[in-house]
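Here the structure is a predicted model, which is why all the values come from computation and not from measurement. Naming convention: chains lettered A, B, ... in sequence-line order (proteins, then strands); numbering from 1 in each chain.
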Amino acid sequence: MGIFNIIPDSVSVSSGLFTEWTAFGVAGADLIAGLLNPTGSQGGGSYPFVVQGVNAPPPPYVVTAVDNLLRLGFSLVGNIISLDGAARISFAGLPAGFQIDTAVIHIFTENNASDATNHFKLQYASLGEESGNLGFGAVVFSYPGTLPISNLLNWWNNGIGIHVDNTVVGQQTSRNIARLSITGTWSFSYSVTSITPSPLRTDQSPIVISLHGTNMNFFPTGSLSLHFTNSAGAQVVTLPDAVIVSNILATITIVSLTGILNFTGTATLFSGSVSLGTLSILYATGSGIYRFVANQRHDTLYDRTTGSTTNVAIPMPFAETGFIGG
Amino acid sequence: MALRDHQPIAIDKFNGLWSRGDYENTPLDHFIDCNNLKFVGTSSITTRDGIGVSQTVAAPLENIKRIYNYPTSTGNTLIILIIDDAGKGSIYHLVDAANLFGPLLTIAGMTDFAFLPYAGRGYISPFATFDVGGLNVEKGLQNEFLYVYAGDGTAARKAAGAGMSGAITIANGAAGHTDAGFHLFGFVSETISGYLCPPAAISSFTTGPANSVSFGNIPTSGDANVTKRHLVATKVITSYNGDPTGYDFFFVPNATINNNTSTALNNISFFDQDLLDDASHLFDNYTEIPAGAVLTLYRNKLCLFTTYTDINLGLVSTDGEPEAINQISGLVVFPPDGNPITNAENLRDVLYVMKRSKTGSFTDNGDDPSAWPFIIVDNAIGTCVHGIATVLDSGSASVDYLIVCTYAGITMFNGRYIIPELSWKIEQFWKDLSRADFRFIQIVNAPIQKEIYVVLPDRTMLIGNYSNGMDPKKIRWTPISCSPGFNSVAIWNIDEVVIGADIEALE
């Protein structure tokens, strides 16, 4: 799991007149860029994009009241998502199984103080529009939860609209919007169709772990590492860099493992990890016929890999008394 | 309270696990949790003894699923089930640490088996667990049978067997004697395990008073395990109705061919009054005995329960002939209630039969098994397929009781379940076990160590030490575990605890 940040990479005016305030002397394209960049301060000021309705000159104020829609788009191939602060990449570059777990839409608006209502609304699709006007400041909508769409893929289908509906001539309303972004947490939900052999036996070496299905899209160059963690999440083995060949994720040799393990791949492309599923590791070397040996202070187990035996500690002898006193 | 007023509490007795009620109710000399302990003396503990390997051969058995004691005429040995990667169960005979026979029998889908040693031989019944309406049912494998193992490393073979086929020729022999008249004659083949096949090759002949009878063209059996063939005959039939199986056959004294090769038996004399040993029941015997999930011995009779087709059925053999089970009179039925028969054991000359939550009894009244009276002993308590403690290599009862794993706890049974259970101290621990997995439980009693060993569903083991007394409040309990999971346990050579571990998928 990690943290993502998404910004739009296109903007369009869906209908009517949409006006920008150029009082800061900056070209409109820059202002739009400012809207698309949530971290920058575009146009020489802190309010990169302005919408207002007024009833009087001087120019460049718009004298016409507006009821328009500015739509911000998200493309699949543009570099719009940053994972854990890394450079932005495209959604097409994300591995299959990437999913957004939680999301918050941020947008900054500012009133021009002549109207208690800013007349901005966010519109997520043609079917859904946030019911009330945006408040001032950093307004957030949480996902899952109150976001009025069922699937975040709608962002890519419909973008996010900014609906300006100030139709009162002469009223100067909210004029500044900026810093639209979507942030939240992500993880991978990966369906491993088979890992062979499954269950894994520790006496079978090497063990080829193959992922069948969608390409993982891990493209590290020698920097992918594989980790086995036990059911409690503790990492018990770190394997050396693995080589990805087609859908074969790794060829590894397990010498001795215990527990049901989560097989986790971590790549530099993403700082998070991908849980590939649960592997049952069969401790084959331990199976056999045993007997208690009086006064022996360790367990002697068969070791199928060497054909001999191995001594291991008796697992965690302990006794815990009940509460004493009160 | 000032520290100097503190009265220290000395704990100098350690009496094992306590798991019932709140932690705060745990007696000071008991543990709320413990593992891998061994009880020393009357109230001390130490780390359990380590385990060591039990086979010294280069390729020891692996993936052990079940171990039974197998006393043979020459020693106390073990019979062992392993399961390979393909899911095939194979049974081996471990003679000692360095000598292993097998596989004696390999069957796909055999995840467990019932075993009964008898006269040096071993009777093997493969079974598995089936999901029947959400209930795990252990019953004999479909289209599988009871097998017999000779104990000598040869492969196990199907118990019982079919009669021979063919037609014999009969003629008057040398001077001798018979009760003159119309007789039916046939031959019964006998296998190496003493099983008598149904009379076959039946022909009629009218004997004379002053002649013996000679037989020719006697068929040989295609079964390589046949070692003898016996002549059987009817008494004089005054009015033959044409049905050769409709008459009582008897073994003719001194008319046995001690091989499976000769085709002639000449000059046999007998009178009808010599025909005492009845062979008629052999017609009705199973020639293939269906596999079941339970085997036990009662009054020298082999008893097999829970076949694939009938989970309430028991098959009981003839006295001393474990493979001779009459398909009509050898059947006993536990009244059906949707639950399979899971276990059966002899105690005080009564055959107790258990389901998972019910116990009943059959008593041999001298009549055929089908006429034995059935009595419900307990309508709420029963056990699982390996839930009756075996004692050393003998099978079951120690002294005059059984130790039974029930849903309520580990309970002594002497004709009734004794309350409180032996596991009274650890009632919560026991009741936390998954009932659906009780089939994995196996219990043995080691009277020399004065300990009970119970393999649990999670493949750890529970040890009950009763050196302070076989009493619910004196017995001391501790779980133990090791890196390989425990699957089976047996007592070997009087007091050697043998553990079977399979390929492990640790939790």
Side-chain angles (χ1 to χ4, degrees), chain A residues 196-204 228 230-232 236 254 256-261 278-326, chain B residues 9 11 14 16-18 22-38 45-55 58-64 67 78 80 82 85 94 97 478 480-487 492 496-507:
Chain A
T196 56
S198 180
L200 303 180
R201 285 180 49 156
T202 56
D203 60 343
Q204 294 174 340
F228 281 101
N230 62 21
S231 56
V236 294
I254 298 175
S256 177
L257 291 172
T258 60
I260 291 179
L261 306 176
T278 299
L279 300 181
S280 293
I281 305 298
L282 302 183
Y283 195 76
T285 59
S287 73
I289 306 169
Y290 294 95
R291 60 189 176 86
F292 285 107
V293 181
N295 301 317
Q296 179 171 297
R297 297 295 90 183
H298 58 267
D299 288 341
T300 301
L301 308 181
Y302 295 103
D303 187 340
R304 308 282 175 184
T305 57
T306 64
S308 60
T309 61
T310 181
N311 292 337
V312 300
I314 295 172
M316 200 170 57
F318 76 98
E320 183 180 354
T321 61
F323 296 116
I324 300 174
Chain B
I9 298 173
I11 301 177
F14 301 99
L17 184 65
W18 181 279
D22 293 340
Y23 280 176
E24 294 187 4
N25 294 332
T26 303
L28 291 178
D29 60 342
H30 284 74
F31 308 130
I32 59 173
D33 196 7
C34 60
N35 191 35
N36 282 330
L37 303 180
K38 181 177 82 170
I45 56 170
T46 184
T47 300
R48 71 158 166 83
D49 290 332
I51 62 172
V53 299
S54 191
Q55 278 190 278
L61 292 175
E62 59 178 322
N63 207 16
I64 311 299
I67 300 176
L78 298 177
I80 296 164
I82 72 166
D85 292 342
L94 183 65
T478 180
I480 66 168
S481 63
C482 73
S483 180
F486 300 124
N487 253 352
W492 198 13
E496 184 176 329
V497 181
V498 178
I499 306 159
D502 71 349
I503 293 176
E504 183 185 21
L506 284 176
E507 299 299 327

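Checked against side-chain contact (heavy atoms from CB on, under 4.5 Å), Asp29(B) has the following partners two or more places apart in sequence or in another chain: Lys13(B), Asn15(B), Pro27(B). Residues satisfying the side-chain contact (heavy atoms from CB on, under 4.5 Å) criterion with Pro60(B), sequence neighbours excluded, are Tyr302(A), Arg304(A), Gln55(B), Val57(B).
For the pair Ala319(A) and Cys34(B), the tightest heavy-atom approach, listed with the atom from each and the gap, is CA-CB, 3.8 Å. The two residues Val293(A) and Asp49(B) come nearest to each other via the heavy atoms O-CB, 3.3 Å.
Not a single donor-acceptor pair under 3.5 Å links the side chain of Glu320(A) to the backbone N or O of Phe31(B). Of the possible polar contacts, none joining the Asn35(B) side chain to the Phe318(A) backbone as a donor-acceptor pair under 3.5 Å is found. No side-chain donor-acceptor contact under 3.5 Å links Asp299(A) to the backbone of Gly50(B). Panel note: side chain Ser287(A), backbone Asn63(B); a donor-acceptor pair is recorded below 3.5 Å.
For Leu17(B), no part lies under 4.5 angstrom from a heavy atom of chain A. Heavy atoms of Ile80(B) lying under 4.5 Å from chain A belong exclusively to its side chain. Using a 4.5 Å cut-off between heavy atoms, Leu37(B) contacts chain A through its side chain alone, with no backbone atom that close. Neither the backbone nor the side chain of Thr478(B) comes within contact range of chain A; no heavy atom of the residue lies under 4.5 Å from a heavy atom of that chain.
When each of Val53(B), Asn36(B), Val497(B) is checked for heavy-atom pairs under 4.5 Å with chain A, Val53(B) comes out on top.
Using a 4.5 Å heavy-atom threshold, the side chains of Val498(B) and Tyr290(A) count as separate. At a threshold of 4.5 Å between non-hydrogen side-chain atoms, the residues Ile51(B) and Leu301(A) count as touching.
To the nearest 0.5 Å, the span separating CZ on Arg297(A) from CZ on Arg48(B) amounts to 9.5 Å.
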Item to check | Stepwise side chain to side chain contact (heavy atoms under 4.5 Å, CB included) check, Trp492(B) with Ile289(A) | outcome: CA-CA 12 Å; Trp492(B) 198 13; Ile289(A) 306 169; 5.9 Å; no

Item to check | side chain to side chain contact (heavy atoms under 4.5 Å, CB included) between Thr47(B) and His298(A), worked out | outcome: CA-CA 10 Å; Thr47(B) 300; His298(A) 58 267; over 6 Å; no

